K.L.:
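One structure follows; several queries about it will come next.
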Amino acid sequence: MPPAQTPEPPISSMPERPFISVVIPCFNEEAVLENCYDRVSAVCNELGHTWELILVDDGSRDKTWSLLASIAAQDPHVVAIHLSRNFGHQAALSCGLNHTVGEYVLILDADLQDPPELLSEMLVPAQEGFDIVYGVRKSRAGESLFKKLSASVFYRFLNYLSDIEIPRNTGDFRLLSRRAVEAFKQLPEHSRFIRGMFSWVGFRQCPFPYSRQERLAGTTKYSLRKMLSFAVDGITGFSIRPLKIALLLAFIMAFFALLGAGWTVWSWIQGGTVRGWASVLVASFIIGSCQLFVLGIIGEYLGRLFMEAKRRPAYLVDTILHERNES
């Protein structure tokens with residue numbers, strides 16, 4: 001007789017795909033984690049649908065991971081992921097998105113500046129057929145004038161350079177359909193500017209105006225250096241126009257160099273002497289600065305090509321608690 005086969009479990013006993021997945025990257029967020037979990041879980045429970053909460057520890061140096069492990073041990077809705085080191089906010093967010101299985105996915109920050117209580121309102125346009133409902137900040141409480149102005153200038157400059165339109169006054173706070181997440185997962189780049197990547201994937205997108213709140217506790221993890229690096233990733237990741245500007249600048253400088261050479265030869269023919277060592281030095285400084293500027297732009301793009309050519313993953317996972325498989 002043939003060996004007895006283990007019967008497959010009935011369909012009713014298989015795990016149901018969550019209706020909503022919430023993704024929260026965390027880095028040194030021990031001061032806000034419990035409040036964050038309480039508010040998010042309360043919102044999800046009120047919806048009356050199945051849900052999961054993906055919490056990604058991006059190599060924190062405080063008690064973030066121990067808190068995440070404790071929350072995951074108490075609540076089966078929670079998936080806690082610990083990365084092998086600090087890879088950055090965008091990499092941690094990518095990790096969370098890659099592990100979601102929900103029909104809709106909400107992106108949040110642990111500091112609760114983007115209120116999770118808006119989820120039910122964001123679901124309305126999502127269920128009407130919009131694949132991406134992105135938050136647009138009407139006001140930004142608790143942020144300095146410098147940060148507001150620099151963000152405004154950056155997005156205007158980015159849209160001028162970019163080949164795609166990236167909405168202004170937005171962050172990563174957005175609600176995504178499953179097919180938008182699956183499209184995002186096909187983008188393999190190492191240097192990530194996620195809000196631009198979701199603009200690039202297209203589909204039907206809808207703005208969702210809201211008022212951003214003050215950070216619940218702690219301090220921002222985006223220093224000026226990180227903000228500048230993030231801006232460079234956004235510009236170089238979605239446009240080659242800086243290279244075209246560099247080429248145009250080179251043509252302009254070559255034109256003035258030819259004018260200067262012609263003027264020098266004409267002065268020599270007329271028997272005059274070239275005077276003005278100061279103007280020569282100034283011209284040398286200008287030309288040298290332009291050359292360094294052009295080389296810097298080229299270097300940024302070469303650096304991105306070098307990083308992408310190595311094909312290293314954007315992140316590495318150390319531990320996963322309550323990992324789910326898509327049913």
Side-chain angles (χ1 to χ4, degrees), residues 21-33 36-37 52-69 71-72 78-101 105-111 113-114 171-174 176 181-198 200-201 215 218-238 300-324:
S21 298
V22 182
V23 177
I24 303 179
C26 308
F27 178 66
N28 294 342
E29 299 288 5
E30 63 177 356
V32 298
L33 265 181
C36 177
Y37 165 72
E52 66 174 355
L53 173 59
I54 313 291
L55 296 166
V56 183
D57 178 18
D58 187 24
S60 298
R61 294 185 289 270
D62 60 2
K63 298 179 181 178
T64 294
W65 175 243
S66 61
L67 288 173
L68 293 184
I71 292 172
V78 175
V79 179
I81 303 175
H82 186 231
L83 300 187
S84 62
R85 64 170 177 84
N86 177 245
F87 287 92
H89 178 272
Q90 302 291 280
L93 180 52
S94 297
C95 173
L97 290 170
N98 289 337
H99 283 82
T100 61
V101 295
V105 178
L106 177 68
I107 298 175
L108 280 177
D109 284 335
D111 56 22
Q113 287 186 283
D114 304 321
D172 293 317
F173 179 49
R174 60 195 62 215
L176 311 166
V181 174
E182 293 301 322
F184 169 82
K185 289 164 66 174
Q186 297 179 48
L187 307 182
E189 55 253 49
H190 185 275
S191 299
R192 316 204 124 218
F193 184 67
I194 289 178
R195 61 200 68 172
M197 293 166 72
F198 278 117
W200 184 89
V201 300
R215 184 181 175 88
T219 58
T220 179
K221 306 306 184 295
Y222 267 97
S223 62
L224 180 60
R225 180 182 63 83
K226 287 185 177 180
M227 289 174 62
L228 291 174
S229 177
F230 189 56
V232 170
D233 282 340
I235 293 171
T236 56
F238 290 90
E300 282 293 333
Y301 282 94
L302 285 177
R304 290 182 66 91
L305 288 172
F306 172 70
M307 295 301 296
E308 297 295 339
K310 291 190 290 186
R311 308 306 299 163
R312 289 178 181 171
Y315 60 86
L316 291 174
V317 174
D318 177 31
T319 307
I320 302 180
L321 302 178
H322 290 173
E323 182 176 18
R324 291 175 173 81

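If you're wondering where the values come from, they're calculated on a predicted model, not measured in any experiment.
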K.L.:
Please find the pair of heavy atoms, one from D114 and one from L108, that lie closest to each other, and give the distance.
P.N.:
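Closest approach of D114 to L108: O-CD2, 3.3 Å.
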K.L.:
Taking side chain to side chain donor-acceptor pair (under 3.5 Å) as the test, write out the residues that go with D109, two or more places apart.
P.N.:
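Side chain to side chain donor-acceptor pair (under 3.5 Å) list for D109, sorted by chain: H89.
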K.L.:
List the residues meeting side-chain contact (heavy atoms from CB on, under 4.5 Å) with I71, not counting sequence neighbours, and say none if there are none.
P.N.:
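Residues passing side-chain contact (heavy atoms from CB on, under 4.5 Å) with I71: Y37, V78.
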K.L.:
Mind checking ring pair (Phe, Tyr, Trp, His ring centres under 6.0 Å) for F173 and listing every partner two or more places apart, or none if nothing turns up?
P.N.:
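Checked F173 against ring pair (Phe, Tyr, Trp, His ring centres under 6.0 Å); matches are Y210.
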K.L.:
Quick check: closest heavy atoms across A91 and A314, and the distance to 0.1 Å?
P.N.:
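Closest heavy-atom pair between A91 and A314: CB-O, 3.4 Å.
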K.L.:
Going by the rule side-chain contact (heavy atoms from CB on, under 4.5 Å), which residues pair with R61 if we only count those two or more places apart in sequence or in a different chain?
P.N.:
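Per chain and number, R61 pairs via side-chain contact (heavy atoms from CB on, under 4.5 Å) with F27, N28.
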K.L.:
Could you grab the distance from atom CG of L67 to atom OG of S60, nearest 0.5 Å is fine?
P.N.:
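Nearest 0.5 Å value for the CG-OG distance: 10.0 Å.
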K.L.:
Could you pull out the closest heavy-atom pair between E29 and D62, with the gap in Å?
P.N.:
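Taking E29 first and D62 second, the nearest heavy atoms are N-OD2, 3.4 Å.
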K.L.:
Taking it one step at a time, do V56 and L93 satisfy side-chain contact (heavy atoms from CB on, under 4.5 Å)?
P.N.:
CA-CA 8 Å; V56 183; L93 180 52; over 6 Å; no
K.L.:
Looking only at heavy atoms, what is the nearest atom pair of G96 and T100, with distance?
P.N.:
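Heavy atoms only, the tightest pair is O-CG2, 3.1 Å.
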K.L.:
Can you tell me how far CD1 of I24 sits from CG of D111, rounded to the nearest 0.5 angstrom?
P.N.:
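Going from the CG atom of D111 to the CD1 atom of I24 covers 10.0 Å.
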K.L.:
Nearest 0.5 Å, what's the CG-CZ distance between L106 and R174?
P.N.:
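One gets 11.0 Å once the value is rounded to the nearest 0.5 Å.
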K.L.:
Heavy atoms only: give me the nearest L55-C26 pair and the separation to one decimal.
P.N.:
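It is CD2-SG, 4.3 Å.
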K.L.:
Applying side-chain contact (heavy atoms from CB on, under 4.5 Å), can you list everything that pairs with T319, at least two apart in sequence or on another chain?
P.N.:
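Counting only residues at least two positions away or on another chain, T319 forms a side-chain contact (heavy atoms from CB on, under 4.5 Å) with W65, H82, L321.
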K.L.:
Locate the shortest heavy-atom distance separating E30 from T64; write the atom from each residue and the value.
P.N.:
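Closest pair (atom of E30, atom of T64, distance): N-OG1, 3.5 Å.
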K.L.:
Any chance you could measure S94, atom OG, to L187, atom CG, to the nearest 0.5 Å?
P.N.:
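Going from the OG atom of S94 to the CG atom of L187 covers 9.5 Å.
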K.L.:
Tell me if a side-chain donor or acceptor on E52 pairs with a main-chain N or O of V79 at a distance below 3.5 Å.
P.N.:
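Side chain of E52 to backbone of V79: no pair is present.
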K.L.:
Do the side chain of Q90 and the main chain of I194 share a donor and acceptor less than 3.5 angstrom apart?
P.N.:
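Yes: the side chain of Q90 pairs with the backbone of I194.
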K.L.:
When rounded to the nearest 0.5 angstrom, what distance separates CG in N98 from CD1 in I54?
P.N.:
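One gets 11.0 Å once the value is rounded to the nearest 0.5 Å.
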K.L.:
Any chance you could lay out the side-chain contact (heavy atoms from CB on, under 4.5 Å) test for I320 and H99, step after step, and finish with the verdict?
P.N.:
CA-CA 10 Å; I320 302 180; H99 283 82; 3.5 Å; yes
K.L.:
Taking atom CG of L97 and atom CD of E182, what is their separation to the nearest 0.5 Å?
P.N.:
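Those atoms lie 10.5 Å apart.
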K.L.:
Can you sort out the partners of L316 under side-chain contact (heavy atoms from CB on, under 4.5 Å), two or more places apart, ordered by chain and number?
P.N.:
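Listed in chain order: S84, F87, P313.
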